[in-house]
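Since the structure comes first, as structure tokens, the remarks are kept for the end.
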Amino acid sequence: MPVKILDDNLINKIAAGEVVERPSSVVKELVENSIDAGAKFIIVDIKNGGMDLIDVSDDGFGMEREDARMCVQRHATSKIESIEDLYSISSFGFRGEALAAISAVSQFSLQTKKKGEMSGVMILNTGIKDNWEIKETGCPSGTKVRIESLFYNVPARKKFLKSSATEFNHILNILVNIALVNPSIRIKFIHNGKIIFDYPLAEGDSEKSFGQRVKAVLGNDNFSNMAYFCKEAGEMIIEGYASYPANVKMNRGQQYLFVNNRPVYNNIVHRAIYNGYRNLIPKDMHPMFVIKLDLEPEMVDVNVHPRKMEVKFLRQQDVFKTVEAVIREIVQNQANVSSQIPSENNNYQEFKPRQFNHPVSSNFRLPFKKSCDGSVRAMKFNQEMLGSEKTQAKEIYSNDKQEINDKNWKILGQINKLYLVIDTADGIVLIDQHAAHERIIYDKLKDSLEKEDYKHQQLLAPVKLELSVNEMKIVSGNLEIFNNLGFELEEFGTTAIMIQSVPTDIANKNIIEIIKGIINDFFDCCKDDLKADEKSLEAIRNRAICYMACRGAVKAGDSLPYEEQEKLVMQFMDGDIKPTCPHGRPISKKLTFDEIAKYFKR
Ligand code: ADP
Ligand code: MG
């Protein structure tokens, strides 16, 4: 074949492959253009995960007619004129090919008006090569770019798009990241006509407005469990928010890292952050953080990834040490005060500050309790923990009043605040109170779920739960499943839900913790799109029931009043109950009189 110069249209389509991977990359390019244009308000309105429509409008400085005509040409940019500019560029795009590439693979229109001009201009591609329709139009100042039917003429690329939910999720992630570092821009995001978020323009100095925006994105509750820091260390400024050690999460869903205001992933920094938390949080838990690193541009190489998602530092070691030290200091200090921060839903308010009054040694651990589902929770710090173990361990609450009943058993009492001891006709039985109760609740929940006769209990007053934008998305996308589980939840604005009713069996338990646990299961089970398919749905249901059972059951350490002991043992002894808890641990151990006699050589 003869060597040929590719025509522009084909070049644009090839470029589109690089710049426009999926709807979220279009959104990113367009929103970055709006930011470069000094916008104070950006609206992103999409349909069907951006596959049918992406509409980005801003109130930035707009373009004149000639610029509007030019901007869709390849290498058309107003942001660079000379090679020097390339190195000092501070705006987002500088390749001048985003609009050319995007418009080559979509039905594209752009409407723009410069401030002060009487009328604006609209350009749209006609579908014929190099043929643009340009017309005058009345419109507000700013720019509005509308993309319909992305990849309609590149079927190979279209085929690689995932479900609408997945594409939506990518867009949400991009927008949330952009929102976090642009607090002085109001950003509104609409999907299929529904407002996903509308973050108001955050006022005040940069520290204050950043804080306001982080709060808007992560939700009040998460925000009140994070500490602010801003440190200058050598050539780097590190600013951000990070969880108190007692408020870590079971997933990595709330971690945001920026280098020079760009969202990035960087292994070194992530490791350094986790190192900062080392020994202060359990191994399989994850801090929430929003961290911004600012360095001289020469100190960062942003070109290791085509879309600049990863960065490399010139002095990796310095960055690592600085981040680790800063986080460490913050986290340790916060361990001191976390108890004093009032928070509505803070389960750990009872921490006594004095336990941290001495310097935290490297092997110091917060009193975390491993629960049977593998999750770890901080235990309430109470006097008992200082008591010697022996005294609490050997207590026996004997109960002489109770005769062996007609069922042939009698409760002797509870030992070690965990095991119930039962006298039976042919030996004694030890029951793990938590495991047994868990199994009972689990079976009941499962049964009613299968029969679909879930018993809701209306709460006297609905409980409001503030959620981060990601958590919110999970709840709103899966309301029916929550419903099936016995929760009646209602979206309350874009940042909170109202809990109206809950499954009867867990009505008096920590509902908020349980709902958060179920949300976490969604994060774990449904990878990309946060919407469960049938298989993961089954897994989620099962895990949710497990979780509810585990959290709803009496705990090891709860001293049970006699009536409760009796209720539990009655269900265990009479019921047809499996020998293990839902996680597979045994519930009981019987020591027959024969075995005992053998041991004593009788
Ligand atoms: P780049 O951003 O790399 O310059 P683009 O293809 O994204 O390339 O945009 C081309 C040009 O179009 C920009 O340089 C800018 O002058 C203009 N432009 C694009 N979007 C907007 C907008 N929202 N407001 C004002 N001007 C814009
Ligand atoms: Mg651009």
Side-chain angles (χ1 to χ4, degrees), residues 8-9 11-21 23-46 54-106 108-117 119-125 130 132 134 137 139-147 150 174-175 177-178 182 185-189 261-263 302-303 306-309:
D8 263 3
N9 201 33
I11 293 174
N12 281 341
K13 278 196 193 169
I14 295 169
E18 264 177 55
V19 182
V20 191
E21 191 200 3
S24 63
S25 18
V26 174
V27 171
K28 177 169 175 287
E29 294 291 340
L30 297 183
V31 172
E32 287 181 348
N33 278 349
S34 297
I35 295 172
D36 285 344
K40 286 283 150 227
F41 183 18
I42 301 172
I43 304 176
V44 180
D45 187 351
I46 64 164
I54 296 170
D55 184 316
V56 175
S57 37
D58 66 55
D59 62 351
F61 45 61
M63 281 178 266
E64 285 166 3
R65 187 185 172 93
E66 187 52 22
D67 290 341
R69 203 180 60 77
M70 283 296 291
C71 74
V72 289
Q73 306 299 318
R74 190 162 155 79
H75 302 304
T77 177
S78 59
K79 297 167 195 169
I80 176 170
E81 276 180 0
S82 66
I83 193 76
E84 284 76 42
D85 286 351
L86 253 189
Y87 295 96
S88 60
I89 203 88
S90 60
S91 61
F92 284 104
F94 53 81
R95 296 197 295 183
E97 62 187 5
L99 294 186
I102 294 167
S103 60
V105 294
S106 66
F108 177 100
S109 74
L110 181 148
Q111 179 184 297
T112 187
K113 185 171 89 79
K114 254 193 134 88
K115 271 191 191 116
E117 303 263 318
S119 65
V121 57
M122 180 167 190
I123 64 165
L124 38 143
N125 58 359
D130 292 332
W132 288 87
I134 306 183
T137 176
C139 60
S141 305
T143 303
K144 178 182 178 77
V145 180
R146 198 175 161 90
I147 279 118
L150 184 64
I174 296 239
L175 288 178
N177 274 292
I178 290 177
N182 291 285
I185 301 176
R186 174 176 166 197
I187 303 184
K188 184 171 178 177
F189 178 34
N261 270 359
R262 288 169 194 278
V302 293
N303 290 318
R307 279 178 304 282
K308 304 182 169 48
M309 297 300 286

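Whatever order the structure lists ligands and atoms in, that order sets their numbers, starting from 1. Given the structure is predicted, the values throughout are model-derived calculations rather than measurements. Reckoned from all heavy atoms, side chains included, excluding hydrogens, waters and symmetry mates.
- Put simply, part of Met63 is less than 4.0 Å from ligand 1, judged by heavy atoms.
- Under a 3.5 Å cut-off, the side chain of Asp58 and the backbone N or O of Thr143 do form a donor-acceptor pair.
- Between Asp36 and ligand 1, not a single N/O pair is under 3.5 Å apart.
- Residue contacts with ligand 1 for Thr112 are absent, since no atom lies close enough (heavy atoms, distance under 4.0 Å).
- For Asp55, the side-chain contact (heavy atoms from CB on, under 4.5 Å) partners two or more places apart in sequence, or in a different chain, are Asp45, Leu53, Ser57, Lys144, Arg146.
- Polar contact check, Glu29 against ligand 1: no nitrogen or oxygen pair lies under 3.5 Å apart.
- Looking at ligand 1, you'll find an N or O of Ala98 within less than 3.5 Å of one of its N or O atoms.
- For Arg186, the salt bridge (Lys or Arg N to Asp or Glu O under 4.0 Å) criterion is met by Asp198, not counting sequence neighbours.
- Put simply, the side chain of Leu30 reaches to within 4.5 Å of the side chain of Ile147, judged on heavy atoms.
- The distance from the CD1 atom of Ile134 to the CG atom of Leu110 is 10.5 Å, given to the nearest 0.5 Å.
- The Cys71 neighbourhood of ligand 1 comprises atoms 10 (C), 11 (C), 12 (O), with distances under 4.0 Å to a heavy atom of that residue.
- Looking at Leu99 against ligand 1, both its backbone and its side chain come within 4.0 Å, counting heavy atoms.
- Shortest non-hydrogen contact noted between Ser103 and Asn125 is O-ND2, 2.9 Å.
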